[in-house]
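Because the structure is predicted, anything quoted here is derived from the model rather than measured. If you read the sequence from its start, that first residue is 1, and numbering goes on from there.
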Amino acid sequence: MVLGPLAENGILSAVARGALLRVAGEAIATGLRDQRWQPEPAGAPPELRVQRASFVTLHVDGQLRGCIGTLEARDPLIVDIARNAWSAASRDARFTPVEISELDRLRIHISVLSVPEPVSAGSETELLALMRPGIDGLILEEGNRRGTFLPSVWEQLPDPRDFLRHLKRKAGLPEQYWSESLQISRYTTESFP
């Protein structure tokens, strides 16, 4: 996996952020017109050619309209953003596909993920004590069940216990579920605009 180079302190430059927002918008507009996304945006600066995982969240008139992402870095960030933007607009099963008439009202939010790191907790109480509200995104995995919440979900679920219960439900697990085989990872995001 190739990570970096990023601007100082591991943060994307303002130019890179602007480029990613443009690429996401162009991927959606092109996708709506041609029913496919642009796989390899040309002329990307080096900081956007590194492998990074991302999520793209779409809102129309303040309402969630789609959110799709990746948890593992497999492609250059600029490609991951283009794919996730088009997928959020066209393939989020919770919503009907975005329509051309919504483009002017569409707001794009991008979250670039750090590499997830395992969290070792012997109990739910221990995990709750390790969680960092407003900072951590969390991934729960049990067998073929998996769920994640981005750090932005803390805005709706500020209590760690509620955050964890809802995440368990998202992963298809009972709210009170705990097992020695439960795998937990956390990550941070750089989110914009």
- Item | Side-chain donor-acceptor pair present, Ser123, Thr125, cut-off under 3.5 Å | no
Would you say [X]'s side chain and [Y]'s backbone share a donor-acceptor pair under 3.5 angstrom?
X	Y	answer
Asn84	Ser54	yes
Thr188	Ser114	no
Arg65	Pro97	yes
Glu142	Leu182	yes

- Message: Evaluate Val98 against Val60 for side-chain contact (heavy atoms from CB on, under 4.5 Å), listing each step before the verdict.
- Response: CA-CA 9 Å; Val98 169; Val60 172; 5.5 Å; no
Grab the two heavy atoms, one from [X] and one from [Y], that are nearest each other, plus how far apart they are.
X	Y	answer
Phe95	Leu64	CE2-O, 3.2 Å
Pro158	Pro133	O-CB, 4.3 Å
Ala24	Ile110	CB-CD1, 4.4 Å
Ser181	Ser179	OG-OG, 2.8 Å
Ala27	Ala82	CB-O, 3.5 Å

Would you say the side chain of [Y] lies within less than 4.5 Å of the side chain of [X], judging by non-hydrogen atoms?
X	Y	answer
Thr30	Trp86	no
Asp92	Leu58	no
Leu130	Asp136	no
Thr148	Leu138	no
His166	Val153	no
Cys67	Arg94	yes
Leu48	Leu20	yes
Ile11	Arg17	yes

Are [Y] and [X] connected in a single hydrophobic cluster, I mean Ile/Leu/Val/Met/Phe/Trp/Tyr linked by side-chain heavy atoms less than 4.5 Å apart?
X	Y	value
Phe149	Leu113	no
Ile135	Tyr187	no
Val119	Leu71	no
Leu21	Leu150	no
Leu128	Leu140	yes

Rounded to the nearest 0.5 Å, what separates atom [atom1] in [X] from atom [atom2] in [Y]?
X	Y	atom1	atom2	answer
Arg132	Arg186	CZ	CZ	4.5 Å
Leu164	Leu157	CG	CG	11.0 Å
Gln183	Ile139	CD	CD1	10.5 Å
Glu126	Met131	CD	CE	13.5 Å
His59	Leu106	NE2	CG	10.0 Å
Arg52	Asp75	CZ	CG	14.0 Å

- Query: Got a salt bridge between Asp159 and Arg161, using NZ or NE/NH1/NH2 to carboxylate O under 4.0 Å?
  - Reply: no
- Item | Charged N-O contact under 4.0 Å between Lys168 and Glu124 |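 Glu124 and Lys168: salt-bridged.
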- Just do the side-chain contact (heavy atoms from CB on, under 4.5 Å) check on Val112 and Thr189 with the steps written out, would you? CA-CA 5 Å; Val112 179; Thr189 59; over 6 Å; no
- Item | Residue Gln156 excluded, over 12 heavy atoms near CD under 6.0 Å |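 Correct, the count exceeds 12.
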- Query: Hey, is CG on Asp104 packed in by over 12 heavy atoms from elsewhere, all under 6.0 Å?
  - Reply: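 No, not enclosed.
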- Query: According to the interplanar angle, ranging from 0 to 90°, do the rings of Phe163 and Trp154 count as parallel (below 30°), tilted (30 to 60°) or perpendicular (above 60°)?
  - Reply: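 Because their plane-to-plane angle is under 30°, the rings of Phe163 and Trp154 count as parallel.
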